[in-house]
Amino acid sequence: MTKEVIFFFAMTACGAFISFLLDIFRAFRITVKPCTAAVALSDILFCAASMFITMACVWNLNSGIFRFYEIAGMILGGTLYFSTISKWILRLFIFIFENILKIGKIILKILLTPLSFLYKILIAPIRKKIRKESGSGDERIQGQNN
C-alpha cells in the first residue's frame, strides 16, 4: 500500500473518533440539560478537541502536510460512524450518564442527611419559637389601631 492510502484510512479513523466524541457530548447534553453558557463552553471545548486531534493526526502521520484526500477521509469516517453505530453509542452513553446522575443524587442525599437532621433538631425549633414570640404582623397592626 502506498503512503497516501494509509494516511487516507488513518484520517478516516480520525473522523470516526471525532464523531464518537460528538456522541459523548450529545449524550451529556441530553442527560444533564445544561444552561446556555455550559452549552457554549462545551461547543468550544469540542471544537478545540477536534482541532487538536486533527492536527495531531496530520502532524504525526504526514509531517504536518494537509491534503485534500485527508479531508475526504475524515468526512468518510464521520459519515460511516453516524450511519452505522452512532445511535447505539449514543444510547449507551445516555444510559451511563443517567446512572452516574442517579448514583450522584443518592450519594448527595446520604451526605446531606446529617445536615438535614441537625437543621430539624437545632434550627427549626428556634425559628418556631421566634415566630411565636414575635407574633404575626397583623396582630401588631391591630393593636396599634385600637
Side-chain angles (χ1 to χ4, degrees), residues 1-138 140-141:
M1 267 203 231
T2 63
K3 281 184 166 182
E4 286 81 15
V5 174
I6 294 170
F7 295 149
F8 177 77
F9 286 127
M11 293 309 286
T12 303
C14 182
F17 181 70
I18 290 172
S19 300
F20 173 77
L21 286 179
L22 181 62
D23 271 349
I24 293 173
F25 277 97
R26 287 173 54 201
F28 180 76
R29 283 187 188 174
I30 290 169
T31 307
V32 176
K33 296 176 182 56
C35 65
T36 309
V39 169
L41 181 64
S42 70
D43 286 344
I44 292 169
L45 288 173
F46 174 74
C47 289
S50 299
M51 183 182 68
F52 178 77
I53 292 167
T54 303
M55 291 301 144
C57 286
V58 170
W59 184 264
N60 289 324
L61 298 172
N62 204 11
S63 301
I65 301 169
F66 204 74
R67 305 203 180 192
F68 172 73
Y69 61 85
E70 293 172 349
I71 297 170
M74 289 185 70
I75 292 170
L76 177 65
T79 303
L80 287 174
Y81 174 82
F82 280 119
S83 63
T84 56
I85 61 172
S86 175
K87 65 181 176 181
W88 292 299
I89 297 293
L90 185 63
R91 288 180 188 162
L92 173 70
F93 277 102
I94 289 173
F95 175 77
I96 290 170
F97 288 146
E98 284 176 346
N99 285 325
I100 288 172
L101 282 176
K102 286 179 186 176
I103 291 169
K105 286 179 183 179
I106 291 170
I107 291 171
L108 190 64
K109 188 173 183 177
I110 289 170
L111 291 175
L112 293 179
T113 300
L115 293 176
S116 171
F117 181 71
L118 286 174
Y119 175 80
K120 288 178 183 176
I121 290 176
L122 299 175
I123 297 178
I126 295 171
R127 285 183 131 186
K128 201 176 201 181
K129 187 176 181 181
I130 290 172
R131 285 186 188 146
K132 207 181 231 184
E133 288 176 0
S134 66
S136 67
D138 294 336
R140 283 186 271 146
I141 293 173

Which is it for Ile100 and Thr31 under the side-chain contact (heavy atoms from CB on, under 4.5 Å) test, yes or no, and what are the steps along the way?
CA-CA 10 Å; Ile100 288 172; Thr31 307; over 6 Å; no
For Leu22 and Phe82, which heavy atoms make the closest approach, and how far apart are they?
CD2-CZ, 3.6 Å
Taking all heavy atoms of Arg67 and all of Ile65, pick out the closest pair and write down the distance.
NE-CG2, 3.2 Å
How many angstroms lie between atom OG of Ser19 and atom CD1 of Ile85, to the nearest 0.5 angstrom?
9.5 Å
Rounded to the nearest 0.5 Å, what separation is found between the CD1 atom of Ile71 and the CE atom of Met11?
8.5 Å
Expected output: side-chain Glu98 to main-chain Phe95 donor-acceptor under 3.5 Å:
no
In Å, rounded to the nearest 0.5 Å, how long is the span from CD1 of Ile96 to CG of Leu101?
12.5 Å
Which of Phe20, Trp88, Phe28 passes ring pair (Phe, Tyr, Trp, His ring centres under 6.0 Å) with Phe93? Answer is Phe20
Output the distance between atom CG (Leu41) and atom CG (Leu45), rounded to the nearest 0.5 Å.
4.5 Å
Of the non-hydrogen atoms in Cys14 and Ile53, which two are nearest, and what is the gap between them?
SG-CG2, 3.6 Å
Out of curiosity, Phe25 CZ to Leu90 CG, how far, rounded to the nearest 0.5 Å?
13.5 Å
side-chain contact (heavy atoms from CB on, under 4.5 Å) between Phe8 and Leu76, worked out:
CA-CA 10 Å; Phe8 177 77; Leu76 177 65; 3.7 Å; yes
To check you understand the geometry: which heavy-atom pair defines the closest contact between Leu61 and Ala10, and what is its length?
CD1-CB, 3.2 Å
So CG of Asp23 and NZ of Lys87: to nearest 0.5 Å the spacing works out to 12.5 Å
Between Asn62 (side chain only) and Val58 (backbone N and O only), is there a donor and an acceptor less than 3.5 Å apart?
no
Leu111 and Pro114: which non-hydrogen atoms are nearest, and at how many Å?
O-CD, 3.4 Å
